[in-house]
There are 2 protein chains.
Amino acid sequence: MSMRRTTIKDVAEAAGVGVATVSRVLSGGSASPETRERVLTVATQLDYRPSALGRNLRQRRSGGIGLLVPDVTDSFYGRLADGVLACARSAGEPVILGATGDDPEREAEMVGMLLEQGVGRMIAIPSGSGEIWEPTLRTGLTTVFAHRVPAGRGDVPAVLADDRAGVRTAVDYLTGLGHRRIAYLGGPGQEQRVAAFREALGPLVDEELLVFARGSRDSAYAAAAGLLQRRPDLTAVLAGGNLLGEAAVLAARELDLRVPRDLSLVMFDDVPWAELCAPPLTVIAQPAQDIGYRAAELVLRGGGRRPRGVLLPTELVVRGSCAPRGTSRSPR
Amino acid sequence: MSMRRTTIKDVAEAAGVGVATVSRVLSGGSASPETRERVLTVATQLDYRPSALGRNLRQRRSGGIGLLVPDVTDSFYGRLADGVLACARSAGEPVILGATGDDPEREAEMVGMLLEQGVGRMIAIPSGSGEIWEPTLRTGLTTVFAHRVPAGRGDVPAVLADDRAGVRTAVDYLTGLGHRRIAYLGGPGQEQRVAAFREALGPLVDEELLVFARGSRDSAYAAAAGLLQRRPDLTAVLAGGNLLGEAAVLAARELDLRVPRDLSLVMFDDVPWAELCAPPLTVIAQPAQDIGYRAAELVLRGGGRRPRGVLLPTELVVRGSCAPRGTSRSPR
DNA sequence: AAACATGATGGAATCGTTTCCATGAGCATG
DNA sequence: CATGCTCATGGAAACGATTCCATCATGTTT
C-alpha cells in the first residue's frame with residue numbers, strides 16, 4: 001500500500017550511475033550530455049521529486065520564508081501576505097505563516113518556531129521593540145521588516161510605505177478644508193505616523209486628540225467612541241488603519257454624527273469597502289501587495305548585503321468623507 | 001561569528017550521557033530520575049532546541065500543516081486561515097500557506113510543493129474536481145477539505161458550512177417578501193449551493209438567472225453588471241460570497257438601481273463592512289474561523305480514521321438590503 | 001612517447017535527529 | 001549459585017539529500 005517515496009538512490013540505480021551524478025545533473029552541475037539526458041529521462045519516468053527534508057538538513061537551512069503578520073484577518077495584511085506568496089511562488093519557495101496578534105510574546109514564540117524549523121529567511125511586521133529583535137537578528141535569520149520597523153531601529157532592511165508623506169498629505173488636505181482640531185486614531189507600532197502627524201500639524205497639535213487602540217476590533221471601537229464622546233469639538237479624524245477607520249465610522253454613527261457634515265474622516269489604507277461605505281471614504285492608499293512582494297524579493301535575493309530599505313509611495317484618494325469645516329459640532 | 005547551533009550531541013556531552021538518552025528524555029521516554037533531571041537542566045542551560053530538520057528527515061514526515069486557499073485577500077479565507085493558525089499554534093505546528101487562485105493547475109503545483117517539503121497533513125479549499133485529487137489522496141497526505149469538497153466526491157473528510165440550509169433560509173426569506181424572480185450570483189466550485197438554490201426555488205427557478213464568475217473582483221463585477229443589465233425584471237439577488245456581494249452592490253449602484261427599493265440583496269458570508277454599507281447588507285453568516293479551526297483539529301488528531309465530515313450552522317442576519325417586492329423594476 | 005591538464009564519475013562523509021539493539025547492572029526466582 | 005527478567009543506557013544505523021575527494025579516461029603539450 002504505502003509505497004516508499006522514490007529517492008535519489010532509486011534514480012541512480014535505474015540510470016546506472018552514482019547518486020552524486022544524479023544530484024549534480026539535477027542541480028545543474030557538470031555532466032556529460034548523454035548521462036544528463038539519461039538521468040533526466042529516468043527521473044521524469046520515475047516521477048522523482050527531491051525531498052526538501054534531505055536537502056535542507058545537509059545544507060543546514062530550510063529554503064522557506066517565514067512570514068509574521070499581526071492578523072491575517074485584517075485586509076491590509078491579507079494583501080501584504082498575498083504579495084509575499086506571489087513572489088515566493090515564482091521562486092518556488094514555501095511560506096510559513098504565523099499570526100502574532102501584535103503581541104511581542106507571541107511574536108517571540110513564533111520566531112522560535114521558525115528557528116526550530118530551520119527557516120533561514122523571514123519577513124516580519126514587528127510588534128516588539130528594538131531590543132527584543134536584537135538577538136534574533138544575530139541568529140543568522142535573514143530578516144526583512146515590512147510595513148514598519150521595530151521601535152528605535154532605523155538601520156534594518158525594511159519595505160515601508162511612505163507614511164510621512166501620506167500623513168502630511170492628509171493633514172494638509174484637512175487643514176486646507178479649514179479643520180483645526182484634528183484627531184489621530186492609531187494602532188500599535190505607529191510611532192512613525194504619529195511623529196509625522198505632530199510635525200505636519202505643528203502648533204495645532206493637541207495631545208488629547210492622539211488616541212491609541214490595541215490590535216483588536218473591540219479595542220479600536222472603544223478608542224474611537226471614547227475619543228468622539230470626550231471631545232465633541234473635534235471636526236476631523238485621521239484613522240491609522242482600516243480597522244480604526246471602520247471603528248470611527250461605527251462610533252460616529254452610534255453618536256449620531258453625520259460624516260462628513262459633522263465630522264470629516266480620512267482613513268489609512270484603501271480597502272474595497274471604502275467605496276461601498278456611506279459616505280464613500282477618503283483614504284490614503286498604500287500598496288500593500290507591493291510591500292509584500294518587494295519584501296519577499298529583498299529577503300530572497302538578499303544574500304548580498306543591501307540593508308537599505310525601500311520606500312513605496314502612498315496616494316490620497318479623495319472620496320466623500322471630508323467636507324469643509326462648517327458650523328462647529330454642537331455639544332450633546 | 002556564526003556560532004554553530006547547539007545540537008543534541010552537545011547536550012549529551014555536557015550532561016555526560018549518550019545522545020540516545022537525551023533524545024529519550026526530551027521526547028518523554030524512560031530514563032532514571034536523576035539523569036532526566038541532569039539532561040533537562042543542561043538542555044535549558046545551553047538553550048537547546050531540537051532541529052525539526054533532523055527529526056523530520058528521520059521520521060520521514062514533516063510535522064507541519066499545508067493550507068491551500070484560493071485567495072488570502074478574500075476576508076472569508078482570511079478568517080478561515082486565522083482559525084487554522086490558532087489551532088496549529090496551540091499544537092505547536094507550523095503552517096505552510098499557499099494561494100491557488102481557484103486554478104486547478106496552480107493547485108496541483110502547490111500540492112507538489114507540499115509533498116516536496118515532506119508535509120504530511122493538509123487542509124485545502126479545493127478548486128479542481130474529484131479526479132484531480134484522486135492521486136493526491138493516495139499519497140499518504142492526510143487531507144481535510146474545508147468550505148467545499150472536490151466536485152463529485154462526497155466521501156472525503158471535510159468541514160463545511162451548512163450551505164443547503166443557508167440557501168434555503170435566504171430563499172424562503174426572499175420569497176416570503178414576495179420575490180419571484182431571484183438570481184443566483186455564484187463563484188467557482190459552488191455546485192452545492194446551486195443545487196440547494198434550485199431545490200429551494202422549485203418551479204420558480206430560471207436558468208438564465210444563474211450566473212457565475214471566476215474568482216477575481218473584475219470577473220465578479222462583470223458577471224453582476226451583465227446579469228442586472230440583461231434581466232431588468234429580476235427583483236432579488238443572492239450573492240454567493242462577499243466578493244460577489246460587493247460586485248452586486250457596485251453594479252446596482254452603477255445602473256442606478258436602489259437597494260433595497262429596486263433590488264433586494266442577500267449575500268453569503270458576513271463581513272465587517274456589511275454593516276457599514278449603504279444600506280447595511282442582509283447576509284448569511286458562516287463561521288469561517290470555526291471552519292478553519294475544526295479542519296485543523298481534524299487533520300491533526302486525524303490519524304484515527306474519521307472521514308465523516310463536520311457541518312457547521314449558518315445564520316441569516318437580517319439588515320437593510322431586502323424589501324418586499326414593490327412595483328416591478330421599470331426597464332431602462 | 002612521456003608527462004600533464006582536463007573533465008566526468010562514483011564512493012563516502014556529512015547534516016541532526018530517532019530508534020533499534022546489545023550490554024550490563026540489579027534483583028527475584030528456581 | 002545459576003538462570004532469567006527488567007530496566008537504564010549508549011553505540012550505531014537509518015532517513016535523503018549535497019559535496020568533497022580520489023579515480024580514471026581522454027586529449028594536449030613538450
Side-chain angles (χ1 to χ4, degrees), chain A residues 2-40 42-43 46-64 92 94 115-120 140, chain B residues 2-40 42-43 46-64 92 94 113-120 140:
Chain A
S2 68
M3 287 214 321
R4 216 177 81 275
R5 262 182 90 104
T6 65
T7 80
I8 199 176
K9 212 171 168 184
D10 302 328
V11 178
E13 271 174 28
V17 298
V19 289
T21 306
V22 177
S23 173
R24 247 178 265 121
V25 167
L26 262 40
S27 42
S30 72
S32 79
E34 54 263 31
T35 28
R36 148 161 286 121
E37 167 105 15
R38 191 145 38 93
V39 168
L40 251 33
V42 168
L46 265 54
D47 188 35
Y48 168 67
R49 298 176 152 304
S51 151
L53 262 40
R55 180 197 343 245
N56 291 342
L57 179 56
R58 173 63 223 250
Q59 325 194 282
R60 330 174 65 158
R61 67 117 220 272
S62 144
L115 249 0
E116 203 161 301
Q117 296 299 319
V119 170
Chain B
S2 68
M3 288 215 320
R4 217 178 80 276
R5 263 183 89 105
T6 65
T7 80
I8 199 176
K9 211 170 168 184
D10 302 328
V11 178
E13 270 174 28
V17 298
V19 289
T21 306
V22 177
S23 174
R24 247 179 263 121
V25 167
L26 261 42
S27 42
S30 72
S32 79
E34 55 263 32
T35 28
R36 148 161 284 120
E37 167 106 15
R38 190 144 38 93
V39 168
L40 250 33
V42 168
L46 263 56
D47 188 36
Y48 168 67
R49 299 174 151 304
S51 151
L53 263 40
R55 178 192 352 245
N56 292 341
L57 178 56
R58 174 63 223 246
Q59 325 193 266
R60 328 173 63 155
R61 66 119 222 272
S62 143
M113 191 260 278
L114 291 180
L115 249 1
E116 205 161 299
Q117 296 299 319
V119 170

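Each chain gets a letter, A, B and so on, in the order the sequences are listed, and its residues count up from 1.
- With values rounded to the nearest 0.5 angstrom, B/L46 atom CG is found 12.5 Å from B/R5 atom CZ.
- Recorded end-axis angle for the helix from C/dA1-D/dT30 to C/dG30-D/dC1 stands at 60°, based on five pairs per end and rounded to 10 degrees.
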Enumerate the protein-to-nucleotides 8-18 of chain C contacts in which both atoms are nitrogen or oxygen and the separation is below 3.5 Å.
residue, atom, partner, partner atom, Å
C/dA8, OP2, A/S30, OG, 3.3
C/dT9, OP1, A/S32, OG, 3.2
C/dT9, OP1, A/T35, OG1, 3.0
C/dT9, OP2, A/S32, N, 3.1
C/dT9, OP2, A/T35, OG1, 2.9
C/dG10, OP2, A/G18, N, 2.9
C/dG10, OP2, A/T21, OG1, 2.4
C/dG10, O5', A/G18, N, 3.4
C/dG10, N7, A/R24, NH2, 2.9
C/dG10, O6, A/R24, NH2, 2.8
C/dT14, O2, A/R58, NH1, 3.2
C/dC15, O2, A/R58, N, 3.3
C/dG16, OP1, A/R60, NH2, 3.2
C/dG16, N2, B/G54, O, 3.2
C/dT17, OP1, B/Y48, OH, 2.8
C/dT17, OP1, B/S51, N, 2.8
C/dT17, OP2, B/I8, N, 2.5
C/dT17, O5', B/Y48, OH, 3.4
C/dT18, OP1, B/R55, NH1, 3.2
C/dT18, OP2, B/S23, OG, 2.8
C/dT18, O2, B/R58, NH1, 2.1

Could you go through residues 55-64 of chain B and list every donor-acceptor pair under 3.5 Å that involves a side-chain atom there, pairing it with any protein atom two or more places apart or in another chain?
residue, atom, partner, partner atom, Å
B/N56, ND2, B/A52, O, 3.1
B/S62, OG, B/G64, N, 3.3

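- Where DNA chain D meets chain A (any atom under 4.0 Å from a heavy atom), the bounding nucleotides read 5' to 3' are D/dG16 to D/dT19.
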Pair up each side-chain donor or acceptor in residues 17-30 of chain A with any protein partner under 3.5 Å, not counting sequence neighbours, and list the distances.
residue, atom, partner, partner atom, Å
A/S27, OG, A/S23, O, 2.6

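- In this structure, B/I8 and B/Y48 have side chains that are in contact, with non-hydrogen atoms separated by less than 4.5 Å.
- Here the shortest heavy-atom pairing between B/A31 and B/R36 reads O-NH1, 3.8 Å.
- Residues meeting the salt bridge (Lys or Arg N to Asp or Glu O under 4.0 Å) test with B/E116, sequence neighbours left out: A/R49.
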